[in-house]
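Note sheet for the following structure.
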Amino acid sequence: MISISKLLCGLDAEGDGLRYDAAGESAKPQITDHKQRRPVVVWNLTKQCNLSCSHCYAAADTETADGELTTEEGRRVLDDLADYGVPVVLFSGGEPLVRDDLPELIEYADASGIRPVLSTNGTLVTPDIARELREAGLKYAGISVDGLPERNDAFRGRDGAFDAAVRGIRACLDAGLKTGLRYTITERNAADLPAVVALLHDEGVDRFCFYHLDYGGRGAGIVDADLSPEEKRAAVKQLCDLTRRYHDHDDEIETLLVGNYADAAYLVEYAREHLSEARAERIDDYLRRNGGDPTGERVADIDYQGNVHLTQFWQNYSLGNVRDRPFSALWDDESNPLLRALRSREQRLSGRCADCQYQNICRGASRLRALAVHDDPFAPDPQCYLREDEIAPTV
Amino acid sequence: MAEQSNWSRVGEQPRDAVDREWEVFVRSETTDPLQHVGSVSAPTIEAARTQATALFGRYATDLWLCPAADVRRYSRTTIDERAVSIDPAKERDERGHSA
Ligand code: SF4
């Protein structure tokens, strides 16, 4: 996750800069000792969802899957994650709120020293549920909206989904939950972006996470709906401009980018052009410490049936299953040559990424998109939108 | 016999909900043991092979695929709530040996 507001406007928001490395936010001693070493774990609690979004990476549907992890198995998984020093668990789905034991698992994670956060479509969040989640120890709710009402509802496969999500956002905010927007940018909804920010900002939302489309789950079927690299560059520039405009008016909104570390390189270029060389260098410095694309290192995924994945989007390859072996053992097992290679990918990146001057803050961006398009996990990310002159090594 | 005790058969719960799941094994040199390196989801064996070779082809001289649903798993540490513990005495009886 890359914070535009922090990098361009110097906003010092909670947990900033340690998004996928939010280790410092946990109370558990071993977590702070292993700061930034352990992954944030996305846990897709269920396959079931009350919506049917066209870009769903989990390919969720209206039914639960056979063999979903039970509450007790979930507790055992959380025990392992806590002992391992995982700082944050992001409860996701499907729609996690269709599981009755969600508050119980949140409470268990919180008591174990793991920071529980939630990704939801928001449509099932009532004031009572929001209060219950907050009391269980939930620290943050990210609610998905993907465009203005008509477009969002078409994307999500349900009329009224936009209004229901806004009601959910209101309920969370009223319950005192920190709440933010999740917005997956595609060719269909990029134009709605400023209007959605304005609308939700009026509702009291001040944190906006923009996701690039990754090519897993149903997302793989809509590669064609992704922006072209040029359009992507324009959308990210628009977000940078928008963030600065809000901040210029003392509206300190927080804006974040997820899913394409070429954005890191672009932010340095943006600062060089619109701010100053010194600022660009500071941003470069900061991003270098952040570590680039986190796949297989600082982010992990456990799906509803216990399969462990390299990111939440990379669902068609699994390192193993937590019913066979603890997550910590699977994640530490670098005898797996792919895991080992991803963690030292600098030596393996090919094509334009191999000599890119931004390789150390980007790390080749999405390996899943490279695999989906080039059949090679170390080929260039097809969604890198940096120009050749920008990535050329400096002499 | 200690080696016969505390085993459970891991529940035969599906590990795939979209496509079929295929366990992947590779050997990098002919002198190496075969190693389990995870699983891929794919509708057919051909699609599974394509995926597995894209991920592991560069590290392997041998690559084996096995439908995950056809694997019998026995464990002493599984967290699987549906795991069934194995009773060695009963098994011996069933094989027709005296206890
Ligand atoms: S060329 Fe590769 S390493 Fe450089 S910014 Fe683009 S994706 Fe990142």
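Below, chains carry the letters A, B, ... as their sequence lines are ordered, and counting in each starts from 1.
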Task: Heavy-atom pair count under 4.5 Å with chain A, highest-scoring of Ser41(B), Ser28(B), Ala42(B), Ser39(B) - done: Ser39(B)
Open item on the list: For the backbone of Glu81(B) and the side chain of Glu73(A), can you confirm whether one donor and one acceptor N or O come within less than 3.5 Å of each other?
Closed with: yes
- [ ] Please examine the side chains of Asn336(A) and Phe56(B), heavy atoms only from C-beta on, and report whether any two atoms are closer than 4.5 Å.
- [x] yes
Task: Side chain, backbone, both or neither of Glu23(B) within contact of chain A (heavy atoms, under 4.5 Å) - done: neither
TODO: May I ask you to name which of Asp324(A), Leu319(A), Asp375(A), Leu371(A) has the most heavy-atom pairs under 4.5 Å with chain B?
DONE: Asp324(A)
Task: Min side-chain heavy-atom separation Arg82(B)-Thr70(A) under 4.5 Å - done: no
Open item on the list: If you count heavy-atom pairs within less than 4.5 Å of chain A, which of Ala83(B), Ser75(B), Gly38(B) leads?
Closed with: Gly38(B)
Task: When Thr50(B), Thr77(B), Leu55(B), Val10(B) are compared by non-hydrogen pairs under 4.5 Å with chain A, the top option - done: Leu55(B)
- [ ] Side chain from CB out, backbone as N, CA, C, O: work out which of these in Arg73(B) comes under 4.5 Å of a heavy atom of chain A, or both, or neither.
- [x] side chain
TODO: Output the option from Gly67(A), Gly320(A), Pro337(A), Ser335(A) having the highest count of non-hydrogen pairs under 4.5 Å with chain B.
DONE: Pro337(A)
TODO: Decide yes or no for Gln305(A) and Glu21(B): does some side-chain heavy atom of the first lie under 4.5 Å from some side-chain heavy atom of the second?
DONE: no
- [ ] Find out whether Val77(A) and Ile79(B) are in side-chain contact, i.e. whether some heavy atom of one side chain is under 4.5 Å from a heavy atom of the other.
- [x] yes
Open item on the list: Show the nearest heavy-atom pair for residues Pro377(A) and Ala54(B), with the distance to one decimal.
Closed with: CD-O, 3.5 Å
Task: Structural part of Gln35(B) lying under 4.5 Å from a heavy atom of chain A - done: side chain
TODO: Measure distances from Val40(B) to the heavy atoms of chain A and classify the residue's part below 4.5 Å as side chain, backbone, both or neither.
DONE: both
